[in-house]
Peer 1: 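I have a structure here, written as structure tokens, and I will follow up with some questions on it.
Chain letters run A, B, ... following the sequence lines, proteins first and then strands; every chain starts at 1.
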Protein chains: 2
Amino acid sequence: MTIYDIAKLAGVSIATVSRVVNGSPKVSEKTKETVRRVMAETNYTPNAFARGLGLGTMQTVGIVCPDVADPYMAKAVSYLEKNLQGYGYDCILYCSGYDDADREQAVSLLLKKQLDALLLVGSIFSDEQSAVLTQLREAAARIPIFLINGVLSGDNVYCVLGDDYQAVYDVTEELVLAGKRRILFLTNSSSYSAGRKQQGYEAALAAHQLDVDARLILHCENSIPATRDLLLRQRGLTFDSVIATEDGMAVGALKYAAVCGLRVPDELSVVGYNNSELSICCEPELTSVDNRGELLCRTTIDSLMALLDGQTIPKQQVIKCHLIKRASTDF
Amino acid sequence: MTIYDIAKLAGVSIATVSRVVNGSPKVSEKTKETVRRVMAETNYTPNAFARGLGLGTMQTVGIVCPDVADPYMAKAVSYLEKNLQGYGYDCILYCSGYDDADREQAVSLLLKKQLDALLLVGSIFSDEQSAVLTQLREAAARIPIFLINGVLSGDNVYCVLGDDYQAVYDVTEELVLAGKRRILFLTNSSSYSAGRKQQGYEAALAAHQLDVDARLILHCENSIPATRDLLLRQRGLTFDSVIATEDGMAVGALKYAAVCGLRVPDELSVVGYNNSELSICCEPELTSVDNRGELLCRTTIDSLMALLDGQTIPKQQVIKCHLIKRASTDF
DNA sequence: TTTTCAAATGTAAGAGCTTACAATCAGGAT
DNA sequence: ATCCTGATTGTAAGCTCTTACATTTGAAAA
């Protein structure tokens, strides 16, 4: 079934059929009617490739995220997809893994696909020299690129991110004001946002004339048992509170406290990040920073559409996080 | 940059360039070399639409799932994507929502896209009359359809699913043998797999000459607070154990136990489903059925590839689940 | 040297759509 | 009746690739 068949059956030219398919106004109601009927009867679907060839777009954007199995990214992808759907766009998904080489490959594959935009979720590019970065900047020459919770300078590159610096600054300050002096900072990557979080932590301590004890900054995997075990191995280390850059690590800290018989929040306060389902699952429930994934995604898509519509949009949009207070802290 | 430019620069015809791009063996090493060099220098990428038009495929499969934000489906999508990647296929994702009308729309949109296959995750079609079903069967005339954890008869439709019936049968039996007599069954949908789970529950009770008390079968949302509150509202109901068809509900039951001061597992045993991260997050940790999402997905993709390769594959593949025993039960 | 044949390459016809431009048509103005 | 106009429709030239078939080439066989 091609456009020619429909044209023949409807007794019109293929141009007219195409106009009907694309909702052009320059077709009389009568023929529009006829063509629609024939299309319905024959169950005709325009060939997407030919359409894409002619139009130069297939209304599709690419989403690259390290791992959709991660609940935070899963939520993000879900929001993105829904919002894109609302604008009539489809999304093709790549789970790139966290490795730079893998991500580079994902981007390069995606670039072959005549997409309308590229969305990178939870980007964790470490150094400016990284191959992905140069590749992304090249890519941006062709289509707009959006980083969600990441930062990259460059033409046609836009960033939408939570204000992680401020969020951690604020919660650190709250802990200090609550009398905590040895705040353990658990982080899991060298990403831009992990860096910003750590800066917030250090700045808040400095603002209160507290020294940053390097031993209190621990790198660990975002996994409950891994974090628990890591902490159990640090027996020399004393701390009265924990700020984790992911909820999984925070729950690991709770498990550690349970093993050691530490009362939470009295003897150990714990703060998580992302306000995932884990935070209301554990015991006690976790105080956690909600970095507004849903809002970030909506903002991203709205901005993208504005851009595709020819409007100018800000290069960087920063959205304030919310601290959700629960039983794992006493402020 | 089109294939013509490359041909001109390399001093060959477009056919030769195309052959090089597609790895045809009928090109001399020398010209292959030249063309490759020119392509690299010019950073040429074949147009995916034109390619698709010519080849009739773009190596892409569609994935429909109700909600990637759900950790179980997120994991499934992640596995599917990775496995497809391994075969050089891309995936385009639709989060259809749980509503039949929405899912129908998703499928119909997807069908316009010249995909190589359609994968439905966690399908929860209720009745045989549903519009999605007829639509899917029509779709199957064009491309193969795979249901992951769902069942649908029809030509060119294949199902890969966990043996939920047996899993629930077995765990119910374990509870009975552990002396439990009033086993609450928490379920959240009228999907095929929810039905099978319930059948397993009822069959196991019957096998041990225990009556099925209809009041002990509760429908509830897969959400920790929703389940907790639901149980708190059922004060007349007595039960000594809970089997939930999702981990979220099981954790809700644990929260309920905490509120009521019931000791788990002594006074209340709780079994969850899917062995999600929640199950090692809560306190006590949750005994949960692992329905082998990873294996299901790998099986699905391997089968799909075998099918595309012209081989015959089974219409239905059932994979045994694993019970992961933790502290919320005492068997 | 001529013949033969396979390997290498080129030509051109699609694949199914969009759209600029041309053609047609109906009806009002002259 | 003739001309003009705007609305509608058709024609044909792309868009970029694949590939069947034709052609050329070069070397081995005769």
Peer 1: To the nearest Å, how far apart are B:Y4 OH and D:dC17 P?
Peer 2: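 Answer to the nearest Å: 9 Å.
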
Peer 1: Does the side chain of A:T300 come within less than 4.5 Å of A:S303's, by heavy atoms?
Peer 2: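 Contact flag for A:S303/A:T300 side chains = no.
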
Peer 1: Would the A:Y158 and A:F146 ring centres measure less than 6.0 Å apart?
Peer 2: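 Yes, ring centres under 6.0 Å apart.
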
Peer 1: Can you work out whether B:G11 or A:M1 has the more 5'-proximal nearest nucleotide on DNA chain C?
Peer 2: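 The residue mapped nearer the 5' terminus is B:G11.
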
Peer 1: From the options B:N47, B:D90, B:T45, select the one residue that forms a side-chain hydrogen bond (donor to acceptor under 3.5 Å, both in side chains) with A:K113.
Peer 2: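 When side-chain hydrogen bond (donor to acceptor under 3.5 Å, both in side chains) is applied between A:K113 and each of B:N47, B:D90, B:T45, only B:D90 qualifies.
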
Peer 1: For the side chain of A:T31, starting at C-beta, report the closest nucleotide among D:dT9, D:dC17, D:dT19.
Peer 2: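 Closest of the options to the side chain of A:T31: D:dT9.
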
Peer 1: Atom NZ of A:K113 to atom C1' of D:dT16: distance rounded to whole Å?
Peer 2: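 One finds 16 Å between C1' of D:dT16 and NZ of A:K113, rounded.
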
Peer 1: Rounded to whole Å, please give me the gap between CZ in A:F49 and C1' in D:dC17.
Peer 2: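 In whole Å, D:dC17 C1' and A:F49 CZ are 12 Å from each other.
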
Peer 1: Check the distance between D:dC17's C1' and B:I6's CD1 and give it to me in whole angstrom.
Peer 2: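 Distance, rounded to whole Å: 13 Å.
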
Peer 1: Quick one: A:E29 CD to D:dA7 P, roughly how many Å, whole number?
Peer 2: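 The distance from CD of A:E29 to P of D:dA7 comes to 15 Å, rounded to the nearest Å.
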
Peer 1: Across the strands shown, which category fits B:S18 at heavy-atom distances under 4.0 angstrom: base, sugar-phosphate, nothing?
Peer 2: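 Counting heavy atoms under 4.0 Å across all strands, the contact made by B:S18 includes a base.
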
Peer 1: For A:I14 and for A:S28, find the nucleotide of DNA chain D with the closest heavy atom, then tell me which residue's nucleotide is more 5'.
Peer 2: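 Checking each residue's closest nucleotide, the 5'-ward one belongs to A:S28.
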
Peer 1: Select base, sugar-phosphate, or nothing to describe what A:V21 touches, counting heavy atoms under 4.0 Å on all strands.
Peer 2: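 If one applies the 4.0 Å heavy-atom cut-off, A:V21 turns out to touch nothing in the nucleic acid.
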
Peer 1: Could you check how far CG of A:L53 sits from P of D:dA13, rounded to whole Å?
Peer 2: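 A:L53 atom CG is separated from D:dA13 atom P by 18 Å.
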
Peer 1: Decide yes or no for A:L109 and B:Q85: does some side-chain heavy atom of the first lie under 4.5 Å from some side-chain heavy atom of the second?
Peer 2: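 Contact flag for A:L109/B:Q85 side chains = yes.
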
Peer 1: When you match B:K26 and B:G54 each to their closest nucleotide on DNA chain C, which lands nearer the 5' end?
Peer 2: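 Counting from the 5' end, the first nearest nucleotide belongs to B:K26.
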
Peer 1: Could you list where the contact with chain B starts and ends along DNA chain C, reading 5' to 3', using a 4.0 Å heavy-atom cut-off?
Peer 2: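 Using the under 4.0 Å cut-off, the span is C:dA8 to C:dG16.
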
Peer 1: Taking the side chain as C-beta and beyond, is there a heavy-atom pair between A:L115 and A:L110 under 4.5 Å?
Peer 2: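 With C-beta onward as the side chain, the pair touches.
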
Peer 1: By nearest atom, which of the nucleotides D:dC17, D:dG10, D:dA20 is closest to the B:R19 side chain?
Peer 2: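 The nucleotide sitting nearest to the side chain is D:dA20.
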
Peer 1: Kindly check if the number of other-residue, nucleotide or ligand heavy atoms within 6.0 Å of CG (A:D155) is above 12?
Peer 2: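 No - once you tally the heavy atoms of other residues, nucleotides and ligands closer than 6.0 Å, there are 12 at most.
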
Peer 1: For A:L55, report the nucleic acid contact type (base, sugar-phosphate, nothing); a contact means any heavy atom under 4.0 Å.
Peer 2: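 Contact class for A:L55: sugar-phosphate only.
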
Peer 1: Taking only side-chain nitrogens and oxygens of B:R51, does any of them come within less than 4.0 Å of OP1 or OP2 of D:dT18?
Peer 2: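 For D:dT18, OP1/OP2 do have a side-chain N/O of B:R51 under 4.0 Å.
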
Peer 1: With a 3.5 Å distance limit and no angle check, can you tell me whether B:T60 reaches the backbone of B:M58 through a side-chain donor-acceptor pair?
Peer 2: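 At least one qualifying donor-acceptor pair exists.
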
